[in-house]
Amino acid sequence: MILEMKVPSPGESITEVEIAEWLVQDGDYVEKDQAIAEVDSDKATLELPAEESGIITLKAEEGDAVAVGEVVCLIDTSAEKPAGSDTKTESKAEEKKEAPKKDTAKPVEAKKETYASGTPSPAAKKILDEKGIASSAVKGSGRDGRITKEDAVNAVPSMGTPTGGSRGESRSKLSMLRRKVAERLVAAKNETAMLTTFNEVDMSPIFALRKEYKETFKAKHGVSLGFMSFFTKAVVRALEMYPAVNSMIDGKEMLSYDFCDISIAVSGPKGLMVPVIRNAENLTFRGVESEVKRLAIRAREGEITVDEMTGGTFTITNGGVFGSMLSTPIINPPQSAILGMHNIVERPIVKDGAVAIAPIMYVALSYDHRIIDGKESVGFLVAVKEALENPQELLMDDNVTKALEL
């Protein structure tokens with residue numbers, strides 16, 4: 001029996017996918033549920049499992065865009081498993097393992113040193129050096145391609161700086177996910193009245209709390225007490241104070257939410273992914289840290305699903321992990337605002353009338369000015385700053401051990 005394998009729907013609104021890589025070869029024997037291909041949608045990269053065991057015939061090439069429901073391969077389920085084969089057919093991924101290579105290179109006879117093959121004669125070299133021309137930029141007309149004095153005299157310097165370095169280039173096709181991210185970013189810039197406001201946060205109180213409780217927190221809960229839980233809790237508090245920031249435009253209407261689904265930007269192997277922490281307003285510090293860890297691992301291992309990245313009412317992105325001092329993050333549409341975190345650097349600030357050194361982070365809020373005014377945007381960022389600089393009172397109700405569930 002010949003089974004036609006069709007592209008399943010990865011999620012709502014997705015009409016086509018791209019074959020990123022076949023993990024098997026045409027004519028291989030595959031086992032049921034074996035991963036046979038990786039497919040890119042505009043939201044995630046997913047594995048395509050074999051629906052039955054049998055001999056596979058590929059009907060699409062790597063890089064092809066195929067519609068949901070289209071046949072991409074055939075599986076001959078009546079074919080018997082080849083004798084002596086492993087439980088799974090050797091895949092492309094397995095073939096990538098390094099194998100010993102046979103030395104097929106033929107011995108090269110040692111050549112007597114000459115001025116041939118692009119090497120200038122002493123007289124030609126002197127002239128080229130005076131002109132500032134690399135010998136690699138001159139084609140020799142002498143015997144065996146050597147550069148003669150006449151070649152050097154006639155050589156004309158290029159308009160650029162002479163160099164003997166590589167001048168190669170390569171071209172590769174953007175994945176469907178990367179193309180979709182590019183389209184969304186351009187749309188966000190073109191279709192929103194985006195504006196960014198900035199502030200700075202003294203991270204000393206959070207540093208002190210983490211120093212005192214991080215070991216106990218990790219020992220009890222199995223996750224680290226990071227910065228994301230503090231920022232997420234501070235953002236949830238600010239969104240409740242300024243609901244316009246937790247809204248988005250839908251046609252001629254403004255759609256506001258009474259819940260906080262916080263998207264977190266994660267750099268994955270296929271590009272930027274933005275999984276969502278659902279109902280962050282109901283999560284404790286432990287709950288936020290556990291969810292951040294779970295989603296980040298799934299995104300980096302390519303296991304994140306479309307549903308886990310769909311929705312979100314507000315986004316937090318942390319460029320600080322890459323060393324960014326300051327940036328203007330781009331809104332994640334259809335959301336109306338995004339908070340950018342940056343690196344923490346010891347800087348001089350004024351405390352109680354005196355200059356002191358403190359760990360400072362610059363924060364940026366990009367927002368859609370069509371529905372969020374300056375009062376809401378600046379007030380929101382100030383509320384985030386206040387909560388981060390006084391977390392014990394504003395985020396923990398003056399009870400640190402209870403807030404951290406210790």
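In this structure, the separation between CD on E191 and CZ on R370 is 8.0 Å, given to the nearest 0.5 Å. The distance from atom CD1 of I372 to atom OG of S336, rounded to the nearest 0.5 Å, is 5.0 Å. Separation of atoms CE (M228) and CD1 (I262) is listed at 9.0 Å; rounding is to 0.5 Å. Rounding to the nearest 0.5 Å places CD1 of I331 at 10.0 Å from CZ of F314. For the atom pair OH (Y362) and CD (E200), the distance works out to 5.5 Å, reported to the nearest 0.5 Å. To the nearest 0.5 angstrom, M361 atom CE is 12.5 Å from N199 atom CG.
With ring centers used as reference points, Y367 lies 6.0 Å or more from F380.
The shortest side-chain heavy-atom distance between I330 and K189 falls under the 4.5 Å cut-off. A heavy-atom distance below 4.5 Å is not found between the side chains of I75 and I55. Between Q335 and T313, every side-chain heavy-atom pair lies at or beyond the 4.5 Å cut-off. Within the 4.5 Å cutoff, no side-chain heavy atoms of N399 are placed close to those of Q392. V266 has its side chain out of reach of L295: every pair of non-hydrogen atoms, C-beta onward, lies at least 4.5 Å apart. Between I264 and P275, some side-chain heavy-atom pair lies under the 4.5 Å cut-off. Side-chain atoms of L365 and T196, non-hydrogen and from C-beta on, never get closer than 4.5 Å to each other. Looking at heavy atoms from C-beta onward, I277 lies in side-chain contact with L283 at the 4.5 angstrom threshold.
Annotation for V276 and S263: closest pair CG2-OG, 3.7 Å, computed over non-hydrogen atoms. Among all heavy-atom pairs drawn from A67 and V7, the shortest one is O-CB, 3.8 Å. Nearest heavy atom pair, residue S135 against residue I147, reads O-CD1, 3.5 Å. Scanning all heavy atoms of the two residues, the minimum distance from T232 to A280 falls at CG2-CB, 4.0 Å. Here the closest heavy-atom approach between residue I19 and residue E61 is recorded as CB-O, 3.6 Å. Heavy-atom minimum distance, S327 versus A364: O-CB, 3.4 Å.
A donor-acceptor pair under 3.5 Å is absent between the side-chain atoms of H221 and the main chain of G287, judged by distance alone. A donor-acceptor pair is defined here as one N or O able to donate and one able to accept, closer than 3.5 Å; no such pair exists between the side chain of N390 and the backbone of A387. Using a distance-only test at 3.5 Å, with no hydrogens or angles considered, no donor-acceptor pair links the side chain of E386 to the main chain of A383. Listed for the W22 side chain is a donor-acceptor partner under 3.5 Å among the backbone atoms of A60. Side chain of T57 to backbone of C73: no donor-acceptor contact under 3.5 angstrom is found. Looking only at distances, no side-chain donor or acceptor of S229 sits under 3.5 Å from a matching main-chain atom of V288. At least one donor-acceptor pair closer than 3.5 Å links the side chain of D202 to the backbone N or O of S204. Of the possible polar contacts, none joining the D250 side chain to the L255 backbone as a donor-acceptor pair under 3.5 Å is found. The closest donor-acceptor contact from the side chain of D28 to the backbone of V30 lies at 3.5 Å or more, if one exists at all.
Residues forming a side chain to side chain donor-acceptor pair (under 3.5 Å) with N282 (at least two apart in sequence, or on another chain): none.
Look at D373 and K375 and you find no salt bridge, because none of the NZ, NE, NH1 or NH2 atoms lies under 4.0 Å from a carboxylate O. Ion pair K59/E4 not flagged as a salt bridge, since none of the NZ, NE, NH1 or NH2 atoms sits closer than 4.0 Å to an Asp/Glu carboxylate oxygen.
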Would you check, one step at a time, whether the test side-chain contact (heavy atoms from CB on, under 4.5 Å) holds for I338 with T317? CA-CA 7 Å; I338 180 173; T317 180; 3.8 Å; yes
Evaluate the side-chain contact (heavy atoms from CB on, under 4.5 Å) criterion for residues L326 and F198: first the C-alpha distance (whole Å), next the side-chain angles of each, then the deciding distance (0.1 Å), finally the verdict. CA-CA 9 Å; L326 191 62; F198 305 93; 3.7 Å; yes
L225 and K218: CA distance, side-chain angles, deciding distance, side-chain contact (heavy atoms from CB on, under 4.5 Å) verdict: CA-CA 7 Å; L225 180 60; K218 186 171 184 178; over 6 Å; no
Would you please test M5 and L48 for side-chain contact (heavy atoms from CB on, under 4.5 Å) and show each step? CA-CA 10 Å; M5 270 199 60; L48 187 66; 4.0 Å; yes
side-chain hydrogen bond (donor to acceptor under 3.5 Å, both in side chains) for E281 and N279? Distances and angles first, verdict last. CA-CA 5 Å; E281 73 277 7; N279 288 104; 2.9 Å; yes
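Residue pairs that meet the salt bridge (charged side-chain N to carboxylate O under 4.0 Å, His left out) test with at least one member in residues 254-268, sequence neighbours left out, are D261-R278. The salt bridge (charged side-chain N to carboxylate O under 4.0 Å, His left out) contacts involving residues 393-406 comprise R286-E405, where partners must be two or more places apart or lie in separate chains.
Screening E289, E301, E303, E308 for a salt bridge (Lys or Arg N to Asp or Glu O under 4.0 Å) with R294, the sole residue that qualifies is E308. For the pairing with D129, the side chain to side chain donor-acceptor pair (under 3.5 Å) check across K125, K126, K131 returns one residue only, K125.
Counted by atom type alone, T310 and D307 present zero donor-acceptor pairs between their side chains at under 3.5 Å.
For E130, the CD atom sits in a packed shell: over 12 heavy atoms of surrounding residues, nucleotides or ligands are nearer than 6.0 Å.
The cationic atom of R210 (NZ for Lys, CZ for Arg) lies less than 6.0 Å from the six-membered ring centre of F227 and within 45° of the ring axis.
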